[in-house]
Amino acid sequence: MFDDQLSPASAAPAAAEPASLDWTRKLVSFDTTSRESNLGLIETVRDHLAGAGIESILSYDADRRKANLFATVPDAGGGTQGGIVLSGHTDVVPVDGQKWDSDPFAPEVRDGKLYGRGTCDMKGFIGSALTALPQIMSTRLSKPVHFAFSYDEEIGCVGAPVMLADLAARGIRPSGCIVGEPTSMRVIVAHKGINAFRCCIRGQAAHSSLTPQGLNAIEYAARLITFIRDIADEFRANGPYDHAFDVPFTTAQTSTIKGGNALNTVPADCEFQFEYRNLPGVDPEAVLTRIREYIDGDLLPRMRREHAIGAVELSKIAAAPSLDASEEAAVTQLVRALTRDTDVRKVAYGTEGGQFQQAGIPSIICGPGNIEQAHRPNEFVSLEQMAECDRFLGRFVDSLAVRD
Ligand SMILES: [Zn+2]
């Protein structure tokens, strides 16, 4: 929500503007809330890369309203295989209902911070990567550098798999990936997997005085919700545990529910959404199998004994695999060397890193800004963090230079 009463008349001049400020401002000025098209941003980046002689590969969603962009700066010998991906998502979360002190899509510098939706999560990193282009182009690279900018990360990492499938089909195999999600420029080596589902329980409506003639969808939804809670309790009580995470075990919960239409009617429908977040090493499919076995072996037969109409529909809303980076992977060692950060940090939020990793591209998370600022009103990235990312990418490009 824009409230110009609260907006200062002019921004104070920054002591030292990071080189990536211009690009980041430009990227934030596109409203790429996940429900909107991101093509304006993608085409601007594509045209800029084309101006430098770099061709982009766009992979679109089904409606062609959104696209991923993948582009490669070849190595000194013209090679395009292997190399490191600089990865970021172009979409941002909505600002609906949030009270902002300035227009979220008119980025503004105040007190050494750049404010705007996506400054932190995560257009600051993309801006920094694009700012590094001239240096990348003028360096004799020992291996290629790739840009991978996706759509629809914020609604469940939906865009990146389209790009990864396209790269696989084209036989493009990068050897590592840096995902620039906000980590305050520290190295994150692992995150949990996210698995989200919608479940619809179908029963039979009847007058509430005639319950034996109906099939109560809410009551059977409650049984299944309780079963999911039991799984969560089991993980909490018995592990496995990884104490590098804030919540050191796999979690599960039901998040929304709706059902029924009148007090005196047996409810025919109940719909709920649930998710579980698995530690790396816990197989998300095994959790789903337990839930399906309970539905098929217990819940559904009980429902059908009451009424033949009984049905349970389970559909996946989103799935993003966990990330568990190898310390031996070259990209992990490179980013550790460039940041001089040797701590082992694991985080609760999901990223596309797990998808790159699953596609055979070792991945690591490191980017500017603090995750605390992500998704909030008055989201910002500090100019200091932007400058630190610029320096990091400068060292990154230097490290890829051919040494004669
Ligand atoms: Zn993000």
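Basis for what follows: all heavy atoms, side chains included, without hydrogens, waters or symmetry-related copies. For ligands, and for the atoms within them, numbers begin at 1 and follow the listed sequence. Along the sequence shown, residues carry numbers from 1. From a predicted model like this one, the values you see are computed outputs, not experimental measurements.
- Among residue pairs with one or both ends in residues 167-190, those qualifying as salt bridge (Lys or Arg N to Asp or Glu O under 4.0 Å) are Asp166-Arg170; sequence neighbours excluded.
- For the Zn ion (ligand 1), protein N/O/S neighbours under 2.8 Å (waters excluded) are His89 NE2, Asp121 OD1, Glu181 OE1, Glu181 OE2.
- Taking CG of Leu400 as the start and CG of Leu334 as the end, the distance is 6.5 Å to the nearest 0.5 Å.
- Using a 30° and 60° split on the angle between ring planes, Tyr294 and Phe227 fall in the parallel class, below 30°.
- With sequence neighbours left out, Glu384 forms a side chain to side chain donor-acceptor pair (under 3.5 Å) with Arg391.
- For Glu43, the side chain to side chain donor-acceptor pair (under 3.5 Å) criterion is met by no residue, not counting sequence neighbours.
- Aromatic pair Tyr349/His191: ring centres not closer than 6.0 Å.
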